[in-house]
Amino acid sequence: MKDYDFSQIENKWQKAWEDDKTFSRELPDRRGKYYVLEMFPYPSGKLHMGHVRNYSIGDALARFKRMNGFDLMYPMGYDALGLPAENAAIKHQTHPREWTESCIATMMDQQKALGLSYDWSRFLATCRPDYYRWNQWFFLKLLEKGQAYRREAPINWCGDCGTVLANEQVIDGCCWRCDGPVVQKNLEQWFLRITDYAEELLADIDTLTGWPESVKTMQRNWIGKSHGAMVNFRDRDTGAPIPIFTTRPDTLYGVRFMVYAPEHPDVLKMAQGTDREQEVRAFVDKAMNQDKYQRAADDKEKEGVFLGRYAVNPLNGDEVPIYTANFVLMEYGTGIIMAVPAHDQRDFEFAKKYGIGIKVVISPPGEQLKESDMDRAFVERGTLVSSGPFDGMDNEEAKEKIALYLEEQGIGSRTVQYKLRDWLISRQRYWGTIIPVIYCAKCGIVPVPEDQLPVTFPDDVKFTGQGNPLLSSESFVKTECPSCGGPARRETDTMDTFIDSSWYYFRYCSADYDKGMFRREDIDRYMPVDQYIGGIEHAILHLLYSRYFTKALRDCGLTSVSEPFTNLLCQGMVTHETYKDATGNWLYPAEIVKKDGGVFKLDDDSPVSVGRVEKMSKSKNNVVDPGNIIGEYGADTARMFILFASPPEKQLEWTDAGAQGAHRFLKRVWNTVQSVAEKLQDTNPASGEIDGGILRLTHKTVKRVTADIGERMNFNTAIAALMEWLNAFTAYAGADGADPATLRYGAETFLHLLLPFAPHIAEELWRDLGHDDMLSLRPWPAFDPALTLDEEIEIPVQVNGKIRGKLTVPRDAPQDGVLAQALEIDNVRAHTDGKTIIKKILVPNKIVTIVVK
RNA sequence: GCCGGAGUGGCGGAAUCGGCAGACGCAGGGGACUUAAAAUCCCCCGGGAGGCAACUCCUGUACGGGUUCAAGUCCCGUCUCCGGCACCA
C-alpha cells in the first residue's frame, strides 16, 4: 500500500487546480449565486494562525457551496496601503511599493499552500492604480454631492513628526513613535458626512438577522442615538443665546448651574473683563494641552472654574452661574450643558465640590426627598415637585410634556442626538490614496478632472520619518489649476486606508473592469456578500464604514444594494499555552518538550513553567508558525484540526496533540480507502445490493454534514460525524465478506463529504478509486430522508423520571404494544409493583414515561 | 456602572424543537503486534455505593428556587468569567 505522502499530494493538487483553472472557470447549470468572503489581509508578508483559521472556515463553506451547484464568488486580494510599508521604507530605505509587492507575493504563496479554492482571476491589491483610481473617482463623486467636505477640527498633532496621529497612536499623551508630546490642534481636514446616514445605519441594524448580536450592539452604541430637547438659555447680561441639549427636560426646574466645554470658543470671550479672566485662561490652557484620553480617564476628578457670568433658565427665570469644566465634551451636543445636581451624579459631585446649591425636582413616589439628606443624585423614576405646573406628574411623562411646552413657548425643541462623528479621512502619509484635489489661489479647491485620474505616487520623495514624504516632491506639489491654468498646489493628504476596504467586495465582482468602479450587472449578479468571515476587532470601524459606503454608492445611483453583508461570522481567537524558563524568558512552543508529566526546555532539559492560555502573540512567543505545521503534518491536517477543535466563533486553543489527532484521522482515511481501492481492483465492476447498515449510516452522515456546514456552520460536528462514519466503515471493510459495491459506494460518498475540509487527500483518493474527473467540481451527495431513519429504535423507559429499562422496537410501532412491552420489563416492574399507575406517556420513537404513586 | 456573550468529565467540546447528559477527539490506564521502541489495532475511562458477575442503586451540566410526567435546554433570583462601551448631559 502507498504511504500517505501529504507533501507530494498537496503540491500535486495545488498545481493541478491552478493548471486546470478549476476555481476560475464558469461552471454550467448553476442554481443561484453565493458569495463567500474573508476579510482581505494586510500583506505583512507572513501568514499567522488567525489567517489560517479564517481561510479554513471560508474555504470549507465555499467548496461546499460550489459542490452544491451555486454560482460561487470566492475571491482574495490585499489591503495593501498603510503605515507598515512606509515604516519599512524608512527603516530599510526601500520604496513602500517594493516592500508591499514582495510581501504580497510571499503571502499568496502561503495561501496557495493551504489549498484554498479562490478564484485568483479576481485578485486585487489596493496599492495598485487600477484600484485606488476608483477611490479617487468616488471621492470626487462624494465631493460633488457634499458628502466629502473640508473643515477645521481638533486633532492629535505630533510636532516632532509633523503629522496627525490617530487616537490609538497616542500613548500617555506622547507620540508612539518618537515619544514626543502630542497636542490638540485645530487643523483643516477632509471629512465624509457619515452622520447623514446615522439614522439609516442604526435602523438597518434590525435587518441584519445574520449578524452576531454583539456586533450589532456595539454598532448601536457607537451610533449612540438619544432623544431629548434643545433648550435655549440666555446670558443674563448680554442676552446672548446659550443653547444646550438634554435628555432630561423633566429636570429643567432643578438646573443650578451651566457648564461649557473648555474648548468652547465662547468661554474666553465670556470671561473677558471679569475678575475671573486669568483663572479661566489658565484653566482652559491646561485642559487644552491635556491628552483627551487622560482628561476622560475614569478616576479623573471633576474640575472647573466659574466664568463670572450667569444664565437665565427660560422656563422659570432662575439665574444660575456659568462654569467651564473638564468633564464636558465639545464634540457632543452644543458643548454646553445644563447641570442638575439633584438628579445627575456628575453634576452632584461638581456641585458638592464647588459649594453650589442643590434643588430636588423629582421625588420617589409618596416620599419627599430632602437636599440635606442626599449623598448622591436621585436618578430613578419619580414624581415632579417644585416644578410649577408640572408638579405631581410622573417624570417619564414630564419628559415629553415639558419638551412640548418648550416648543409651544418657542424656547426649545424636541431633538435627537448621535454620538457618531463625521469620518476624518485625511492622513499626512505617503502610502495611501492621494486625495484628488488642487488648491488654487484664485479658484479655491478644484477637483482633479476625471480624465486625469489616477493621481499616482511621485517617486522623487524622501522617507525620513519627518513629516509627509509627499511634501518633499516638488514635481508633485507644484501644478497648474485645471480651472484657470494658473500656478496651484496639489493636496498632499492621503486617504485613511479604511476607504480602500470599504468597497473592495464590490470591486471583486468586476475586478478587470477599467471604465468604472464596477459593472452594474456584475453587482446585480453577486452582491450582497452572503457570508462574510473575519475578526471581531472590526466590529465598528471596517463594518460600519462598509455599510456607509454601500449606502453612499447606492445613493450615487451606482447600485441598488443597501447592506453589504447578509451573514457575518466573527471567528474566535487562536490561543496557545505560554511558557517561561527559570529566568523568566518567554519560550516558543517549539523550544519546549513535554515528558514524564513535566515540561522541559528542549536544549538543556531545565524545567519550564506553563502559563495561561493566551491569544497567540509575538510578545509572549506563544506562536505556532503555519509554515512549520504544514511542513510537519500538511495543510489538510492543519485545516482539519482548526475546524474540528472548536466551533468557529469560539476561541481555539492550538495544541500539538490535537493536530496529531487530526493527522491520525487522515492517515486512517488514507489506509482505509487505499485498502478499499486494492480490493476493488480485483472485483470491479462492483454490483449488487449495498449493505443496509452502511447505506443508512451513509445517508445519515450526508444529512448531518450537509446541515452542519450549510445551515449551522458547525464544522466541528460535521467532522465528528465523518469520524463516526469512518470508525464504522473501517470495521465493515476489515471484516470478512465485505461487499465490493458497498465499499465503493461508501468510500466514494465519504470522499465528497471530506473534500471541503481536506481537499488534497480527497482528490488523491478519488483518483485512486479509478476516477479521472475533479472531485472539487462534482455534485454534493444527496440523501434520502427515509434512509436516514433506523428501522429499529431503542427507546428508554422511565418510571417517575428515572430510566429503568430499554426497549428495542420497530420504528413507528403501535403505541399500545410499546406501552404494554414497557410495563413487562423486569426492572420497570420492580419500580411499579404495588404502586398505582397514574399516567403513561409515549413520545413516538423517543421515550416511554410511566408515572406511579 | 451600562450593554452583549458564556459557565457541561482531567482537557477541547456534543446534546439542532423540553425527551437516554458526556457524541467525536485529546490526555490517561490496560491489552495485542514487536527482540525492543515508534507506528498501528482492540478494550476501559464523570463521581459514589453494592455485587463473583451480567448488572443494580444514588448523585451529577456555576449556585438557590420554580414550572413540567420529564430541564444542560424554559421562568425568577444570585455568583463567576470573557468581550465591548464608558463623564455622551
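All chains are named by letter (A, B, ...) in the order of the sequence lines, taking the proteins before the strands, and each is independently numbered beginning at 1. Quick caveat, the model's predicted, so the values are computed rather than measured.
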### Task
For A/Pro647, answer base if it contacts any base atom (sugar-phosphate contacts may also be present), sugar-phosphate if it contacts only those atoms, and nothing otherwise; contact means non-hydrogen atoms under 4.0 Å.
sugar-phosphate

### Task
To the nearest Å, give me how far apart CG (A/Asp790) and P (B/C20) are.
16 Å

### Message
Counting the atoms with a prime plus P, OP1 and OP2 as sugar-phosphate, which does A/Asn716 contact under 4.0 Å by heavy atoms, base, sugar-phosphate, or nothing?
### Response
sugar-phosphate

### Query
For B/C17, is chi within 90° of 0 (syn) or not (anti)?
syn

### Message
Expressed as a whole number of angstroms, how long is the span from A/Leu643:CG to B/C24:C1'?
### Response
15 Å

### Query
For the pair made of CG in A/Leu722 and P in B/A14, what is the distance, rounded to whole Å?
16 Å

### Query
In whole angstroms, how far is the C1' atom of B/U40 from the NZ atom of A/Lys667?
9 Å

### Query
A/Ile803 near the nucleic acid: base, sugar-phosphate alone, or nothing, with a heavy-atom cut-off under 4.0 Å?
sugar-phosphate

### Query
Which heavy atom of A/His343 sits nearest a heavy atom of A/Phe378, and at what distance?
ND1-O, 2.9 Å

### Message
Please determine whether a side-chain nitrogen or oxygen atom of A/Lys802 lies at a distance below 4.0 Å from atom OP1 or OP2 of B/U59.
### Response
yes

### Task
Check every strand shown and say whether A/Asn671 touches a base, only sugar-phosphate, or nothing at a heavy-atom separation below 4.0 Å.
nothing

### Query
How far does the C1' atom of B/A15 sit from the matching atom of B/G19, given to the nearest Å?
12 Å

### Query
Does a side-chain N or O from A/His831 land closer than 4.0 Å to OP1 or OP2 of B/C57, or not?
yes

### Atom-pair distance (NZ on A/Lys615; P on B/G83), nearest Å
11 Å

### Query
Looking only at atom C1', what distance separates B/G12 and B/U67, rounded to whole Å?
34 Å

### Message
Taking 4.0 Å as the cut-off, does a side-chain nitrogen or oxygen of A/Asn827 come that near to OP1 or OP2 on B/C57?
### Response
yes

### Message
With rounding to the closest Å, how many angstrom separate the P atoms on B/A71 and B/C63?
### Response
15 Å

### Message
Strictly below 4.0 Å: does A/Arg804 bring a side-chain N or O up to OP1 or OP2 of B/C57?
### Response
yes

### Task
Select one nucleotide: of B/A15, B/G25, B/A89, the one nearest the side-chain heavy atoms of A/Ile337.
B/A89

### Message
The side chain of A/Ala657 is closest to which nucleotide in this list: B/C69, B/C26, B/G4?
### Response
B/C26

### Task
Quick one: label A/Gly661 by what it contacts on the DNA or RNA (base, sugar-phosphate, nothing), any heavy atom closer than 4.0 Å.
sugar-phosphate

### Query
Taking A/Arg639 for the side chain and A/Pro756 for the main chain, is one N or O donor matched with an acceptor at less than 3.5 Å?
yes

### Query
Quick one: is A/Thr217 getting a side-chain N or O under 4.0 Å of the B/C3 phosphate, OP1 or OP2?
no

#### Entry: Identity of whatever pairs with B/G1 - Watson-Crick or G-U, under 3.5 angstrom
B/C85

### Task
Using the P atom as the reference point in each nucleotide, state the distance between B/C55 and B/G22 in Å, no decimals.
16 Å

### Query
Would one find a side-chain N or O of A/Arg664 under 4.0 angstrom from OP1 or OP2 of B/A27?
yes

#### Entry: 5′-ward residue of the pair A/Asn800/A/Glu653 relative to RNA chain B
A/Glu653

## Note on the structure
Out of B/C24, B/A89, B/C69, minimum distance to the side chain of A/Asn727 belongs to B/C24

### Task
Begin from the C-alpha positions of A/Lys419 and A/Glu331 and carry the test salt bridge (charged side-chain N to carboxylate O under 4.0 Å, His left out) through to its verdict.
CA-CA 9 Å; A/Lys419 288 202 299 193; A/Glu331 312 91 76; over 6 Å; no

### Query
Mind checking the P distance from B/G51 to B/G13? Whole angstroms is fine.
40 Å

### Query
What is the nucleic acid contact for A/Val843, judged by heavy atoms within less than 4.0 Å: base, sugar-phosphate only, or nothing?
base

### Message
With a 3.5 Å limit on both atom pairs, tell me what B/A62 is paired to, counting Watson-Crick and G-U wobble, or say none.
### Response
B/U78

### P spacing across the pair B/G5 / B/C58, given as an integer number of angstrom
38 Å

### Task
Quick one: label A/Glu349 by what it contacts on the DNA or RNA (base, sugar-phosphate, nothing), any heavy atom closer than 4.0 Å.
nothing

#### Entry: B/U73 - base-pair partner by Watson-Crick or wobble geometry, distances under 3.5 Å
none

### Summary
Of A/Glu724 and A/Arg248, the one whose closest nucleotide on RNA chain B sits nearer the 5' end is A/Glu724

### Task
For A/Lys846, report the nucleic acid contact type (base, sugar-phosphate, nothing); a contact means any heavy atom under 4.0 Å.
sugar-phosphate

#### Entry: Name of the residue among A/Gln660, A/His663, A/Glu632 meeting side chain to side chain donor-acceptor pair (under 3.5 Å) with A/Thr637
A/His663

### Query
Rounding to a whole Å, what distance do you find between A/Trp654:CH2 and B/G25:P?
18 Å

### Message
Please give the distance between the C1' atoms of B/U68 and B/G1 as a whole number of Å.
### Response
38 Å

### Message
Heavy atoms only, 4.0 Å cut-off, all strands: where does A/Lys806 land among base, sugar-phosphate and nothing?
### Response
base

### Expected output: side-chain A/Thr672 to main-chain A/Val669 donor-acceptor under 3.5 Å
no

### Query
Are A/Lys667 and A/Tyr4 in a cation-pi contact, defined as NZ or CZ under 6.0 Å from the six-membered ring centre and within 45° of the axis?
no

### Message
Could you check, using the six-membered ring where one of them is a Trp, whether A/Phe6 and A/Trp670 have ring centers closer than 6.0 angstrom?
### Response
no

### Query
Which part of the nucleic acid does A/Ser226 contact within heavy-atom distance under 4.0 Å: base, sugar-phosphate only, or nothing?
sugar-phosphate

## Note on the structure
Checking B/C24, B/C69, B/C20 against the side chain of A/Ile847 (C-beta onward), the nearest is B/C20

### Query
Looking at the rings of A/Phe665 and A/Phe644, which for Trp means the six-membered one, are their centres under 6.0 Å apart?
no

#### Entry: Polar side-chain contact A/Thr849-B/G19 base: donor and acceptor under 3.5 Å
yes

### Task
Decide, for B/G9, between syn and anti: a glycosidic angle within 90° of 0 counts as syn, anything else as anti.
syn

### Query
Which value, in whole Å, describes the distance between the P atoms of nucleotides B/A6 and B/A14?
12 Å

### Query
Counting only Watson-Crick or G-U wobble pairs whose two distances fall under 3.5 Å, which nucleotide matches B/A32?
B/U40

### Task
Would you indicate what A/Glu711 reaches in the nucleic acid, counting non-hydrogen atoms under 4.0 angstrom: base, sugar-phosphate, or nothing?
nothing

### Query
After noting the C-alpha distance and the side-chain angles of A/Lys700 and A/Asp790, does the key distance pass the salt bridge (charged side-chain N to carboxylate O under 4.0 Å, His left out) rule?
CA-CA 9 Å; A/Lys700 247 191 268 190; A/Asp790 287 315; 3.0 Å; yes

### Message
Please evaluate residues A/Phe783 and A/His699 with respect to the criterion ring-ring contact (aromatic ring centres under 6.0 Å, His included), reporting the C-alpha separation (whole Å), side-chain torsions for both, the decisive distance (0.1 Å), and the verdict.
### Response
CA-CA 5 Å; A/Phe783 62 88; A/His699 275 259; 7.5 Å; no

#### Entry: Spacing between A/Asn221 atom CG and B/G5 atom P, to the nearest angstrom
12 Å

### Query
Which listed nucleotide (B/U16, B/C57, B/C3) is nearest to the side chain of A/Arg712?
B/U16

### Query
Under the 3.5 Å rule, do the base of B/C87 and the side chain of A/Lys302 count as making a donor-acceptor pair?
yes

### Message
By the 4.0 Å heavy-atom rule, please label A/Arg668 as base, sugar-phosphate, or nothing.
### Response
sugar-phosphate

### Task
Would you mind reading off the distance between A/Leu541 atom CG and B/G84 atom C1', rounded to a whole angstrom?
13 Å

